[in-house]
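Structure record follows, encoded as structure tokens.
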Amino acid sequence: MMISKKMQDALNSQLNKELFSSYLYLAMAAYFEEENLTGMARWMKLQSDEEHVHAMKFYDFIIRVGARVKLEKLEKPQEKWESPQSAFEAALEHEKFITKSINELLDLAVVEKDHATSTFLHWFVDEQVEEEATAAEIVENFKLVGESKSGLFMLDRELGRRGSVPQA
Ligand code: OFO
């Protein structure tokens, strides 16, 4: 294989994290369904799909470089959040964690002079900037809405307009 054993393990671990992201956002979607916030539920379901696309990019890359995909157990995601706002705050925190993880992977690729993996990871570096900015913007919108029921209703409608996820 073109990559080291250490890199293979790190890429498989990131594959697991992306699958967990998909699982976590699906749990958030189900929470929003329960709260009758169908626009937010739709947004989260699409986010879950997008994470699955991210996971598959790792899957395909691992195979392309002649390494072995190893699927591990998925952590059980949280089921409930204190409020819709806190679910989106948790999503933002999760994205920061994923950004850190992508950066560490890239650090490893640089140390190993693994140019193929470095180049592959650059797409994710850009993507994480987007992911964090989007989640941060939604959290800011919640802050503007505050306790207003009609504001929450409008935000739900707005988030429900999200377009579907382009496939990789
Ligand atoms: Fe895969 O970007 Fe979010 O987690």
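Atoms within a ligand are numbered from 1 in the order they appear, just like the ligands themselves.
Annotation: the span from Phe20 atom CZ to Tyr25 atom OH amounts to 9.0 Å, rounded to 0.5 Å.
Proximity to Ile98 (heavy-atom distance under 4.0 Å) selects the following atoms of ligand 1: 4 (O). Below 4.0 Å from some heavy atom of Glu51 lie the following atoms of ligand 1, by number and element: 1 (Fe), 2 (O), 3 (Fe), 4 (O). Residue Ser21 approaches ligand 1 through these ligand atoms, each under 4.0 Å from one of its heavy atoms: 4 (O). In the vicinity of Glu131, heavy-atom distances shorter than 4.0 Å reach the ligand 1 atoms 2 (O), 3 (Fe).
Looking only at side-chain heavy atoms (C-beta outward), Met44 and Leu26 stay at 4.5 Å or farther from each other.
Using a 3.5 Å distance cut-off with no hydrogens or angles, the side chains of Glu33 and Thr38 do not pair a donor with an acceptor. Between Ser21 and His94, the side chains place a donor N or O and an acceptor N or O closer than 3.5 Å (distance only, hydrogens not considered).
The existence of a salt bridge linking Glu18 and Lys57 is excluded, since no basic side-chain nitrogen approaches an acidic carboxylate oxygen closer than 4.0 Å. A salt bridge between Lys45 and Asp49 is absent, with no side-chain N of the basic residue lying under 4.0 Å from a carboxylate O of the acidic one.
Counting heavy atoms under 4.0 Å from ligand 1, residue Gln128 touches it through the side chain alone. Contact annotation: for Glu95 versus ligand 1, heavy atoms closer than 4.0 Å belong to the side chain alone.
For Phe124 and Phe61, the ring centers are positioned 6.0 Å apart or more.
Inclusion of Tyr25 in the set of residues having an N or O under 3.5 Å from an N or O of ligand 1 is not warranted.
For Glu127, every N, O or S atom stays at 2.8 Å or more from atom 3 (Fe) of ligand 1. Residue Glu18: an N/O/S atom is found under 2.8 Å from atom 1 (Fe) of ligand 1.
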